[in-house]
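A quick write-up on the structure given underneath.
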Amino acid sequence: MVDAEGQRRWKDVSDLHHQRTEGRISPQTVLDILAEAAHVEAILERHEHWWSSWTDWSPTDVDATRAD
């Protein structure tokens with residue numbers, strides 16, 4: 001998770017263990033999920049945020065005269 005200040009924290013990682021031990025997901029799925037999470041974390045470390053084009057957006061930027 002990434003909060004509004006840009007701080008990141010892992011969420012629900014312990015659930016992977018429980019789902020694996022209950023047979024709901026395979027050990028390979030756990031590894032795949034953790035590998036993808038590491039990939040996303042590396043992207044964030046490089047500041048390659050998909051939402052960067054929206055950083056300065058505000059609802060007040062919308063044209064108030066536009067008819068819906």
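Shown here are the side-chain hydrogen bond (donor to acceptor under 3.5 Å, both in side chains) partners of Gln7, two or more places apart in sequence or in another chain: there are none. For Arg8, the salt bridge (Lys or Arg N to Asp or Glu O under 4.0 Å) partners at least two apart in sequence or on another chain are Glu45. Applying the salt bridge (Lys or Arg N to Asp or Glu O under 4.0 Å) test to Glu48 and every residue at least two apart in sequence or in another chain returns Arg46.
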Return a table of donor-acceptor pairs under 3.5 angstrom between the side chains of residues 26-42 and protein atoms on other chains or two or more places apart.
unit_1	atom_1	unit_2	atom_2	d
Ser26	OG	Gln28	N	3.4
Ser26	OG	Thr29	N	3.0
Ser26	OG	Thr29	OG1	3.0
Gln28	NE2	Asp32	OD1	2.7

Result block: side-chain N/O donor-acceptor pairs under 3.5 angstrom for residues 10-19, not counting sequence neighbours:
none

